[in-house]
Amino acid sequence: MSEPQNSTFRPRIFSGIQPSGGLTLGNYLGALKRFAALQGSEAETIYCVVDLHAITVWQEPEQLRMRIREAAAAFMAAGVDPAKSVLFNQSQVSAHAEMAWLFNTVARVGWMYRMTQFKDKAGKNSENASLGLLAYPALMAADILTYQATAVPVGEDQKQHLELTRDIAAKFNHDYKVDHFPITQPLIEGVATRVMSLRDGSKKMSKSDPSDASRINLTDDADAIAQKIRKARTDADPLPGSADGLKDRPEARNLVNIYAALSDETVDQVLARFEGQGFGAFKPALAEVAVASMAPITKAMSDYMADPAEIDRVLADGADRAEAIARPILDRTKDIMGLLRTR
């Protein structure tokens, strides 16, 4: 069976973020900013708070509810417009869980054990990890393929996840001799799809880092943002004139990448302006750009969180729209597999 031609599917972009709390500049530049920019293209955009993924590890229920709303607020504060995109939380659309079970019968156990995220989260005591943590890639594939999404914006570190989705789609199409699911393509774009720690340029910026100074939180005010950038780790050398000169300078490369991503410039454009200057000149300029970009997002998030009922209304409306897309695709999948339907 030949690989499905994605041109036969309606262009559709899907992505989501976990409601894990503590969203950072990395989440904004690597995901949210890109999600907003993709609106208005020829592709329909569907964005999801993936709360079913979150519960593969223990979550305190009330805190989870708050974090779901916080993630939705971050989407909207970053520019995702519920009138232009479908925005919802995963557990409100049962097709995700239903499709995930169907994919559990398609995916192979060996594929799951090879996933690095399972190894990282389960650690040495993997037998005590939840079954959901092992099987989550089937749910992830369901998130994408329930909408027959043709593209997913991902960071370099997430390519393995999408490869498994592609494997599931290809195996389903082959086993049932259909072209039912697209072979979803990754959208890896931008200069800061992987934002690194402000304290260690070899590590990804993360909410789990013990040092709050390692990250810029989406809830940080202007003073906190500027102070963290002033204290960010750097080296003593001046900035080069081209990106090649940053090859072995991870902290310097990270700060320049952040500047370029926030200002919508290329790395070489930024370096052309600061060539030969040290970080004593560069950091204040970066702080100014970061505050100008991030302070409005912090304010908008706070405003949205002050009205949780409105967030719930937006998510419920998005769930209805998502269900209308997903249900026919799920029903057709069941038909292909020989399952009977009562409606």
Side-chain angles (χ1 to χ4, degrees), residues 14-28 30-32 35-36 45-83 85-101 117 121 129-140 142-144 146-147 161 206-209 212 215-221 294 297-327:
F14 177 93
S15 197
I17 59 173
Q18 280 204 40
S20 54
L23 294 171
T24 70
L25 176 68
N27 299 114
Y28 173 66
L32 297 170
F35 296 168
T45 45
I46 302 174
Y47 298 129
C48 181
V49 180
V50 289
D51 50 354
L52 293 177
H53 284 288
I55 61 172
T56 58
V57 296
W58 168 253
Q59 303 287 335
E60 197 286 315
E62 285 304 317
Q63 187 177 67
L64 178 59
R65 272 187 275 272
M66 182 275 291
R67 287 177 171 177
I68 291 168
R69 294 183 179 115
E70 181 185 64
F75 269 108
M76 294 187 287
V80 171
D81 183 349
S85 298
V86 179
L87 177 62
F88 67 105
N89 64 296
Q90 183 187 30
S91 62
Q92 288 186 300
V93 180
S94 63
H96 289 250
E98 292 183 68
M99 189 73 85
W101 177 256
Q117 185 165 331
K121 288 193 174 183
S130 74
L131 178 59
L133 187 61
L134 176 64
Y136 88 91
L139 176 59
M140 178 199 64
D143 297 336
I144 297 167
T146 294
Y147 302 95
H161 302 171
S206 170
K207 70 178 180 64
S208 62
D209 193 305
D212 188 62
R215 59 186 170 270
I216 293 175
N217 305 299
L218 294 192
T219 53
D220 284 342
D221 61 23
M294 304 308 297
I297 294 172
T298 299
K299 173 65 165 57
M301 277 189 67
S302 178
D303 291 345
Y304 284 123
M305 289 299 289
D307 191 355
E310 175 60 13
I311 294 177
D312 292 352
R313 185 201 65 77
V314 168
L315 291 176
D317 178 70
D320 288 342
R321 293 163 62 199
E323 174 75 20
I325 300 169
R327 182 57 55 179

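Note that the coordinates shown come from a computational prediction; the quantities given were computed from them, not determined experimentally.
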Report task. Would you give the length of the straight line joining atom OH of Y136 to atom OG of S130, rounded to the nearest 0.5 angstrom? Result -> 11.5 Å
Report task. Mind checking side-chain hydrogen bond (donor to acceptor under 3.5 Å, both in side chains) for T219 and listing every partner two or more places apart, or none if nothing turns up? Result -> none
Query raised in the report: Considering residues at least two apart in sequence or located in another chain, which fulfil the side-chain hydrogen bond (donor to acceptor under 3.5 Å, both in side chains) criterion with Y47?
Result: none
Query - Residues forming a salt bridge (charged side-chain N to carboxylate O under 4.0 Å, His left out) with D312, sequence neighbours excluded - result: R69
Requested in this report: First locate atom CD1 of I68, then atom CZ of F88, and finally report the distance between them rounded to the nearest 0.5 Å.
Outcome: 12.5 Å
Requested in this report: Indicate yes or no for a side-chain donor-acceptor contact from T56 to the backbone of G132 under 3.5 Å, with no hydrogens or angles considered.
Outcome: no
Report task. Measure the shortest side-chain to side-chain distance between I46 and R321 over non-hydrogen atoms and say whether it is less than 4.5 angstrom. Result -> no
Query raised in the report: Mind checking whether R215 and L25 have side chains closer than 4.5 Å, heavy atoms only?
Result: no
Query raised in the report: Which heavy atom of P19 sits nearest a heavy atom of V50, and at what distance?
Result: CD-O, 3.6 Å
Report task. Give the minimum heavy-atom separation between A71 and L23, together with the two atoms involved. Result -> CA-CD1, 4.2 Å
Report summary line: Taking every heavy atom of M301 against every heavy atom of A77, the minimum-distance pair comes out as CG-CB, 3.5 Å
**Report entry** Exercise: identify the closest heavy-atom pair between A326 and A95
**Finding:** CB-CB, 3.9 Å
Query raised in the report: If you round to the nearest 0.5 Å, how far is CE of M76 from CG of D81?
Result: 10.0 Å
Requested in this report: Return yes if some donor-acceptor pair links the side-chain N/O of T24 with the main-chain N/O of G26 below 3.5 Å, else return no.
Outcome: yes
Query raised in the report: Do any N or O atoms from the side chain of Q59 and from the backbone of A54 form a donor-acceptor pair under 3.5 angstrom?
Result: yes
Query raised in the report: Do the side chains of L218 and Y28 get nearer than 4.5 Å, heavy atoms only?
Result: yes
Query raised in the report: Rounded to the nearest 0.5 Å, what separation is found between the CE atom of M294 and the CG atom of D221?
Result: 12.5 Å
Query raised in the report: Can you name the residues that form a side-chain hydrogen bond (donor to acceptor under 3.5 Å, both in side chains) with K207, not counting sequence neighbours?
Result: none
Report task. Would you give the length of the straight line joining atom CD of Q90 to atom NE2 of H53, rounded to the nearest 0.5 angstrom? Result -> 4.5 Å
Query - Nearest atoms (heavy-atom pairs only) where V93 meets A319 - result: CG2-O, 3.7 Å
Query raised in the report: Given side chains that start at C-beta, do those of I17 and N27 come closer than 4.5 Å, heavy atoms only?
Result: no
Query raised in the report: Aromatic rings F14 and Y147: how do their planes relate, parallel, tilted or perpendicular, breaks at 30° and 60°?
Result: parallel
Query - Atom pair CD/CD of E70 and Q63 - distance to nearest 0.5 Å - result: 9.5 Å
Query - Short side-chain to backbone donor-acceptor contact, D220 and N217, under 3.5 Å - result: yes
Requested in this report: Output every pair passing side chain to side chain donor-acceptor pair (under 3.5 Å) with a member in residues 300-309, not counting sequence neighbours, ordered by first then second residue.
Outcome: K299-D303
Report task. Compare all side-chain heavy atoms of Q92 with those of E323 and state whether any distance is below 4.5 angstrom. Result -> no
Requested in this report: Determine which pairs satisfy salt bridge (Lys or Arg N to Asp or Glu O under 4.0 Å) with at least one residue from residues 51-63, sequence neighbours left out, and list them in order.
Outcome: E62-R65
Query - Whether S91 side chain and L52 backbone form a donor-acceptor pair below 3.5 Å - result: no
Query - Least distance between heavy atoms, P82 atom then V314 atom - result: CG-CG1, 3.7 Å
